[in-house]
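This structure is a prediction, so every number in the text was calculated from the model and none was measured. Only this structure's heavy atoms are used, side chains among them; waters, hydrogens and symmetry mates stay out.
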Amino acid sequence: MSVMHKIRRYWLQLYMKIVKEQATPEYIARGWAIGMFYGCLIPFGFQLMCSIPTAFILKGSKIGATVGTLITNHFTIFIIYPLQCWVGNKIMGGNLTFEAITQLMKDLLEKQNYDALFALGGELVCAFFIGGALLTAIMTPITYFFVKRLVAAFQAKKAQAALKRKGA
């Protein structure tokens, strides 16, 4: 199985998770946007504790709120978090290098103790949240409108096919 085949299969599975949920496009999109919001803003591991209750409160898809947080996962955090911190640090006017940020985060993930956490320092933690806020401001509306459009198009095609079957 080629890499392109695996990627195509992954995207098809994700597409089906999005469009097969039996709800309005707005409900589904709201859940995915909630998941993306917390996936970009909150550190990995705490996202579900925030996204699921928010999906209940804002009446969004719980499936979308869960899967939407997976923008940050065991594979992507090695790219997203250092980049997010670097951007946040630049917004703050800091001078941390991308390499220094990557090394600090690598130490934290390897050691997983309080010493490694405190070694990050307040500047990097602030940079994480500022960079995350920027990523959130970009990705949340894009996710909402993309998913809403995707689901609405799928549901329209499905309704049209049902009318053709009824009329035939």
Side-chain angles (χ1 to χ4, degrees), residues 4-92 101 105 108-109 112 117 120 122 124-166:
M4 287 306 292
H5 180 72
K6 287 181 182 179
I7 291 170
R8 193 172 304 135
R9 199 166 115 205
Y10 168 78
W11 284 110
L12 181 61
Q13 288 172 340
L14 183 61
Y15 171 78
M16 295 310 282
K17 279 182 185 166
I18 293 170
V19 299
K20 288 285 188 172
E21 191 171 352
Q22 299 296 313
T24 66
E26 294 80 11
Y27 175 87
I28 296 168
R30 195 175 311 118
W32 280 86
I34 290 166
M36 184 62 66
F37 177 87
Y38 287 115
C40 293
L41 188 62
I42 303 294
F44 185 72
F46 297 102
Q47 299 159 342
L48 289 177
M49 290 187 289
C50 299
S51 68
I52 300 297
T54 303
F56 276 101
I57 293 167
L58 297 179
K59 295 180 174 57
S61 165
K62 285 60 169 180
I63 294 168
T66 301
V67 181
T69 63
L70 296 179
I71 184 173
T72 48
N73 57 54
H74 297 297
F75 304 107
T76 63
I77 60 172
F78 298 107
I79 300 164
I80 293 174
Y81 282 0
L83 185 62
Q84 179 176 320
C85 290
W86 182 79
V87 169
N89 185 259
K90 294 304 171 203
I91 291 170
M92 291 172 26
I101 293 167
M105 294 213 155
L108 176 64
L109 291 172
Q112 295 187 9
L117 179 64
L120 292 177
L124 189 60
V125 173
C126 286
F128 174 86
F129 286 107
I130 290 171
L134 178 63
L135 186 60
T136 297
I138 294 167
M139 293 302 295
T140 301
I142 289 172
T143 300
Y144 177 82
F145 291 111
F146 176 75
V147 169
K148 181 180 174 186
R149 188 173 188 196
L150 197 68
V151 172
F154 179 81
Q155 289 178 352
K157 282 182 187 177
K158 191 175 172 182
Q160 192 175 31
L163 282 175
K164 279 185 182 179
R165 281 193 305 271
K166 247 185 185 178

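Looking only at distances, no side-chain donor or acceptor of S51 sits under 3.5 Å from a matching main-chain atom of G35. The closest donor-acceptor contact from the side chain of T72 to the backbone of I77 lies at 3.5 Å or more, if one exists at all. Between the side chain of Q84 and the backbone N or O of G131 there is no donor-acceptor pair closer than 3.5 Å.
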| request: Please lay out, stage by stage, how V67 and W32 fare under the test side-chain contact (heavy atoms from CB on, under 4.5 Å). | output: CA-CA 7 Å; V67 181; W32 280 86; 3.4 Å; yes
| said: Does L48 form a side-chain contact (heavy atoms from CB on, under 4.5 Å) with T66? I'd like the steps, not just the answer. | reply: CA-CA 6 Å; L48 289 177; T66 301; 3.8 Å; yes
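Rounded to the nearest 0.5 Å, atoms CZ (F46) and OG1 (T69) are 13.5 Å apart. Here CD1 of I42 is found 7.0 Å from CZ of F37. Values are rounded to the nearest 0.5 Å. Rounding to the nearest 0.5 Å gives a distance of 12.0 Å between CE of M36 and CD1 of I138. Rounding to the nearest 0.5 Å places CE of M92 at 12.5 Å from CZ of F129. Rounding to the nearest 0.5 Å gives a distance of 10.0 Å between CD of Q155 and CD of E21. Between atom CG of residue L124 and atom CH2 of residue W86 there is a gap of 14.0 Å, rounded to the nearest 0.5 Å.
Both the sub-6.0 Å distance and the 45° axial angle are satisfied by K62 relative to the ring of F56.
The salt bridge (charged side-chain N to carboxylate O under 4.0 Å, His left out) analysis of residues 134-154, with sequence neighbours excluded, yields the pairs E26-K148.
When the options F128, F44, F75 are evaluated for a ring pair (Phe, Tyr, Trp, His ring centres under 6.0 Å) with Y81, the one that passes is F128. Considering L134, I80, L135 as possible partners of C40, the one that fulfils the side-chain contact (heavy atoms from CB on, under 4.5 Å) test is L135.
Here the closest non-hydrogen pair linking S61 and A55 is O-CB, 4.1 Å. When every heavy atom of P82 is checked against every heavy atom of I79, the shortest pair comes out as CD-O, 3.6 Å.
Few gaps surround CZ on F154; more than 12 heavy atoms of other groups in view lie less than 6.0 Å from it. Within a 6.0 Å radius of NZ in K20, no more than 12 heavy atoms belonging to other residues, nucleotides or ligands are found.
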